[in-house]
2 protein chains.
Amino acid sequence: MNITSYKAHQRTLVAVDCIIFGFDGSDLQALIIKRGFEPEKGKWSLMGGFIREKENADEAAARILYQLTGLENIYMEQLYAFTDINRDSAARVISIAYFALINIRDYSEQLALEHEAHWFPINELPPLVFDHDKMVAKAKRLLQRKVATHPIGFELLPEKFTLPQLQSLYEAIYETPLDKRNFTRKILSLGILNKLNEKEKESSRRGAYYYVFDSVKYGKMQSNGVKFI
Amino acid sequence: MNITSYKAHQRTLVAVDCIIFGFDGSDLQALIIKRGFEPEKGKWSLMGGFIREKENADEAAARILYQLTGLENIYMEQLYAFTDINRDSAARVISIAYFALINIRDYSEQLALEHEAHWFPINELPPLVFDHDKMVAKAKRLLQRKVATHPIGFELLPEKFTLPQLQSLYEAIYETPLDKRNFTRKILSLGILNKLNEKEKESSRRGAYYYVFDSVKYGKMQSNGVKFI
DNA sequence: TCAAAAGTGTTCTAGATACACCCATGT
DNA sequence: ACATGGGTGTATCTAGAACACTTTTGA
């Protein structure tokens, strides 16, 4: 029956773990740290931490992302709560996983050094502690699903980017080649990119025009439901 | 820095709350209880409970669903972890919400009585305690998204169902009318329904053929990605 | 015989796919 | 001059949307 007092119930440690995605121009990558405390100290791990008394999970995730990257206002989203009894070898800990997207050039190298953090291509990750491999796999699937209908790919790129860069990003996320003409036609037809009068000249002699994402234009079309790719 | 001992950290009550969907032939409904304990005793609420030491969240949700419906092996899925500091007025409690789909004819009336449970059309719910309204809203959105690409609508129907029943179900979930000819053509073209040599004669003189979902056929086509509607 | 729901095809439109050549520029 | 990556258009195919009449049968 339903007569219950809160007092009688078990309390549990609640953690947050973050899958941090970046894009280096050709590969989708994840930022992984060497775990700094026991158990499993020194092994590869997602960045995480326990939820504090005065913060919710979103705030905890933002704090943890800030600790590792020095960045605020990172795009992030709750992924899934991992609750298996023995998922952590030291105690019953449930972990709410978040995935985050950052521009790989923006993070603090200083902080990354302190945490012994490294970027790995998403398909070449070393084995991670606990159930963190499962978290990464789930995050990758969610990213693939989400990026098809929401304008979040831009979070992985600099403010200014070229269409070839954007195409490479989608190709890395979907792990499939895309047709250049079809891609540019579709993405431009959405009417949410503004072309700049400026070219990126690093990667080709001819140079490729820069574009920026126009969130105002995107906001106006929202209601129709947006299919990106 | 990352030197941390688990001991130092705050432990939290972790609950599970279940959004239980049913379908009465014309409306998508949710099963709601009168909360049987303080705080907010006597108010409308989702069915929930605390996670026990020896179970994960899926097991807790299955247990809670069994307590209210008497059913086992219910289709259910984790929805989201709700973690706001003051979401529960009595204590810091995080709640992992699950949504579940059942055949509305199968639940135990006896157990429902004991919990003072009632079915409400999803758009005519009374106000619920805490953040349960938010949970229901999120569950409804997830159901709409999920049912478009996964064969889960059948969970809300009896084993044998007619095409008009199935169409009504999709119309209730999407809250939009569908064209009968387009609907039947599309759903039958998936090749995952088996037509029975038997008619449902309650709702029309002519009678409508029964169909059953063929999960083996569905399993074989999985890889291609399935768009239901 | 009629009321009420089941069943059934065709046309049109829009979006997705497939596909190849010229352009600009630094070396 | 040439090598490298950037930029562009058309034809075909497929899936989705729109749309109305006939069939069955119990009362």
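Letters go in sequence order (proteins before strands), and every chain restarts at 1. None of these values were measured; they are calculated from a predicted model.
Between A:Glu116 and A:Arg35, no side-chain nitrogen of the basic residue sits less than 4.0 Å from a carboxylate oxygen of the acidic one, so the salt-bridge criterion is not met.
At a threshold of 4.5 Å between non-hydrogen side-chain atoms, the residues B:Asp17 and B:Ser95 count as touching.
Among C:dG7, D:dG9, D:dT25, the nucleotide with an atom closest to any side-chain atom of A:Asn182 is D:dG9. Distances from the side chain of B:Tyr209 to the nucleotides C:dA20, C:dC23, C:dG7 place C:dG7 closest. Comparing atom distances between the B:Arg181 side chain and each of D:dG9, D:dA20, C:dA6 picks out D:dA20 as nearest. Counting only heavy atoms from C-beta on, B:Lys186 has its side chain closest to D:dA17 among C:dG7, C:dC19, D:dA17.
In this structure, B:Arg185 atom CZ and D:dA15 atom P are separated by 12 Å, rounded to whole Å. As rounded to whole Å, 9 Å separates atom P of C:dT17 from atom CG of A:Leu178. C:dG7 atom C1' lies 15 Å from atom CG of B:Leu166, rounded to whole Å. One can place CG of A:Asp179 at 14 Å from C1' of D:dT12, the figure rounded to the nearest angstrom. Distance B:Phe183 CZ to D:dA17 P: 13 Å, rounded to the nearest Å. What separates CZ of B:Phe228 from C1' of D:dA15 is a distance of 17 Å, to the nearest Å. If you take CZ of A:Arg206 and C1' of C:dG26, they are 14 Å apart, rounded to a whole angstrom. Atom-to-atom, CD of A:Gln167 to C1' of D:dG7 comes out at 12 Å; the value is rounded to the nearest Å.
The base of D:dT4 lies outside donor-acceptor range of the side chain of A:Arg205, with no N or O pair under 3.5 Å.
Side chain of A:Asp131 to main chain of A:Arg87: no donor-acceptor pair is present (N/O by atom type, distance under 3.5 Å, no hydrogens or angles). Panel note: side chain A:Gln144, backbone A:Ile173; a donor-acceptor pair is recorded below 3.5 Å.
A cation-pi arrangement, defined by a distance under 6.0 Å to the six-membered ring centre and an angle within 45 degrees of its axis, is absent between A:Lys195 and A:Tyr211.
Near DNA chain C, meaning a heavy atom under 4.0 Å from it, residues 187-204 of chain B has B:Ser203, B:Ser204 in order of number.
Taking 4.0 angstrom as the limit, A:Lys180 places none of its side-chain polar atoms (N or O) nearer than this to OP1 or OP2 of C:dC19.
Side-chain contact, A:Asn123 with A:Glu175: a donor N or O sits under 3.5 Å from an acceptor N or O.
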Give the table of side-chain donor-acceptor pairs shorter than 3.5 Å for residues 55-65 of chain B, with sequence neighbours excluded, one pair per line with atom names and distance.
from, atom 1, to, atom 2, distance (Å)
B:Glu55, OE1, B:Arg63, NE, 3.1
B:Glu55, OE2, B:Arg52, N, 3.0
B:Glu55, OE2, B:Arg63, NE, 3.2
B:Glu55, OE2, B:Arg63, NH2, 2.5
B:Asn56, OD1, B:Asp58, N, 3.1
B:Asn56, OD1, B:Glu59, N, 2.8
B:Asn56, ND2, A:Asp84, OD1, 2.8
B:Asp58, OD1, B:Tyr98, OH, 2.5
B:Glu59, OE1, B:Asn56, N, 2.9
B:Arg63, NH2, B:Phe50, O, 2.9

